[in-house]
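A, B, ... follow the sequence lines: proteins, then strands. Residue 1 opens every chain. Computation of the quantities below employed the complete heavy-atom set of this structure, encompassing side-chain atoms and omitting hydrogens, waters and symmetry-equivalent molecules.
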There are 2 protein chains.
Amino acid sequence: MSDATVTLSAASAPAPTFSPLYQQIKGLITGCLEAGEWKPGDMIPSEIELAARYKVSQGTVRKAIDELASENLLVRRQGKGTFVATHIEARTQFRFLRLTPIEGEPRYPESVILECRRARAPAEIARLLDLKSGESTVLIRRLLSRGGVPFVLDEIWLPSAIFKGLTAERLTNSRVPLYSLFESEFGTKMIRADEKVRAVLADVATAQVLKVERGAPLLSVDRVAYTYAERPVEVRRGLYSTRDHFYKNELS
Amino acid sequence: MSDATVTLSAASAPAPTFSPLYQQIKGLITGCLEAGEWKPGDMIPSEIELAARYKVSQGTVRKAIDELASENLLVRRQGKGTFVATHIEARTQFRFLRLTPIEGEPRYPESVILECRRARAPAEIARLLDLKSGESTVLIRRLLSRGGVPFVLDEIWLPSAIFKGLTAERLTNSRVPLYSLFESEFGTKMIRADEKVRAVLADVATAQVLKVERGAPLLSVDRVAYTYAERPVEVRRGLYSTRDHFYKNELS
DNA sequence: CAGTGGTCTAGACCACTCT
DNA sequence: GAGTGGTCTAGACCACTGC
């Protein structure tokens, strides 16, 4: 579809919108992604076909796809095709989990769901999620461990409207990362996230769960995660014990 | 023209390794950067000239420069030219300072040099800096404040061999960020850095300097910074008070 | 083998900056 | 106007994948 609009400006005049052709193509592709027309894991049409469809040269499509690939929305595989990025791939597993063991391999942690229930969004959460205050959210409390040793206590808020039918049971029985589940079961793909990290002291309850002393130092990590179109769909408040792990970051 | 073999014209420039032409060009450009042939702030030769010099098409040079620009080694400016990236520009100021005030603008902090002396590298520091244990380093201790309120206590190790003549006085009289000074005065440009963040408790001495309670929670940030060719040239251990600031990170 | 993305070229024109 | 990077095209061939 959508061949008529952009094509006019293709040949000579930059008529309708005033942006490079490849940016417009990029927008059209992003539109297909947002609309769920191409789902995570799907192969998208080949460069040649997209070029024909949009009536531009292959090079222009290529430049659009290049940028989307560098933004981790698409994945190119030589000889196979270009695919919608997915959290199921091992490569993307650790993009959102910055805690690395001080010693040993960064295996994926064990997860225990402590709680999963509906809750009205507190004002702050509602604001971050772009909801009306008091609107229904799913609240998940979770404990992550490595080799039986707990190290992360999480509180996760999700808009109920998107995550209908999410229960502790489905979370517990799933052995895949949360974001993989969100993607496959609820059609919501996390694209990027902002985190704010602080140092705090463990209160009594937290200390008990994480098996540290009361007053032990913890990382407090506030995350807002976004799906397509910069739409916020998750707020997460994590308390990380950094006795055996550190929060890894690359500045570049 | 576009005939027989791309590989032949690649062969005219020696092609001992089997990699795409533009990667080889990228390597040649990087070589000029590492050799200090083009210094930070300099304009590098135009695409057309580089294409002529290396006997490739402009498009190939362009692709090489595109990648270097995306790695923040070069900066393109339409109509002007392509320049070697520098820490003096405002845009790069905050790439390496992830602490953001909870309220207010992220102004650049005030800096007080507490100490600057020669010291033999402890084994751990030597290992990180790729030095022999006991080799001479410059040790800087520094306090950063915002509006008179201290919030970062830093220890910085640098190889003496590179930072000859670095004194507390030169640091104190300089009103530019450290990395700008390193670049302009010592010809060493920081390219990227790895950080490991943990939560710790303030000891007595630290608490006094940072004006927090003893046992207050602090971020401990261990940084190794690299210049060209992944050569480590700085180790930094920072203690951050997150009462008024947070460590900001974007996952993407 | 056909189909995909990856590289390379050559040349056109546009947008921006400086003089 | 001259010189720079930015966009776009058309066509060639290479490298990889899977049938």
Could you state the atom-to-atom distance from [atom1] of [X] to [atom2] of [N] in whole Å?
X	N	atom1	atom2	value
B:Y54	C:dC8	OH	P	15 Å
A:Q58	D:dT7	CD	C1'	16 Å
B:F83	D:dG3	CZ	C1'	12 Å
B:L21	D:dC13	CG	P	17 Å
B:M43	D:dG5	CE	C1'	9 Å
A:I48	C:dG5	CD1	P	7 Å
A:E67	D:dT7	CD	C1'	12 Å
B:I65	D:dT7	CD1	C1'	16 Å

field: Parallel, tilted or perpendicular: rings of A:F186 and A:F182 (30°, 60°)
entry: perpendicular

N-O pairing of [X] and [Y] below 4.0 Å:
X	Y	answer
A:E195	A:R98	no
A:E183	A:K189	no
A:R237	A:D222	yes

What does the list of N/O pairs under 3.5 Å between the protein and nucleotides 17-19 of chain D look like, with a distance for each?
none

[X] has a side chain; which of [options] sits nearest to it?
X	options	value
A:T60	D:dT9, C:dT7, C:dT9	D:dT9
A:T82	C:dG5, D:dC8, C:dC8	C:dG5
B:S57	D:dT4, D:dT7, C:dT9	C:dT9

statement: Bend of the helix from C:dC1-D:dG18 to C:dC18-D:dG1 from end-axis comparison, five pairs per end, nearest 10°, comes to 10°

message: Is the terminal nitrogen or CZ of A:R77 (NZ for Lys, CZ for Arg) located under 6.0 angstrom from the six-membered ring centre of A:F83 and within 45° of that ring's axis?
response: yes

- prompt: Any donor and acceptor pair, going by atom type alone, linking the side chain of A:R223 with main-chain N or O of A:F96 inside 3.5 Å?
  reply: yes

field: Expected output: side-chain A:E234 to main-chain A:I156 donor-acceptor under 3.5 Å
entry: no

field: Greater than 12 external heavy atoms within 6.0 Å of B:E169's CD
entry: no

Heavy-atom check, side chain of A:T92 versus side chain of A:N72, under 4.5 Å: no

- prompt: Which part of the nucleic acid, if any, lies within contact of B:R62, taking any heavy atom under 4.0 Å across all strands shown: a base, the sugar-phosphate backbone alone, or nothing?
  reply: base

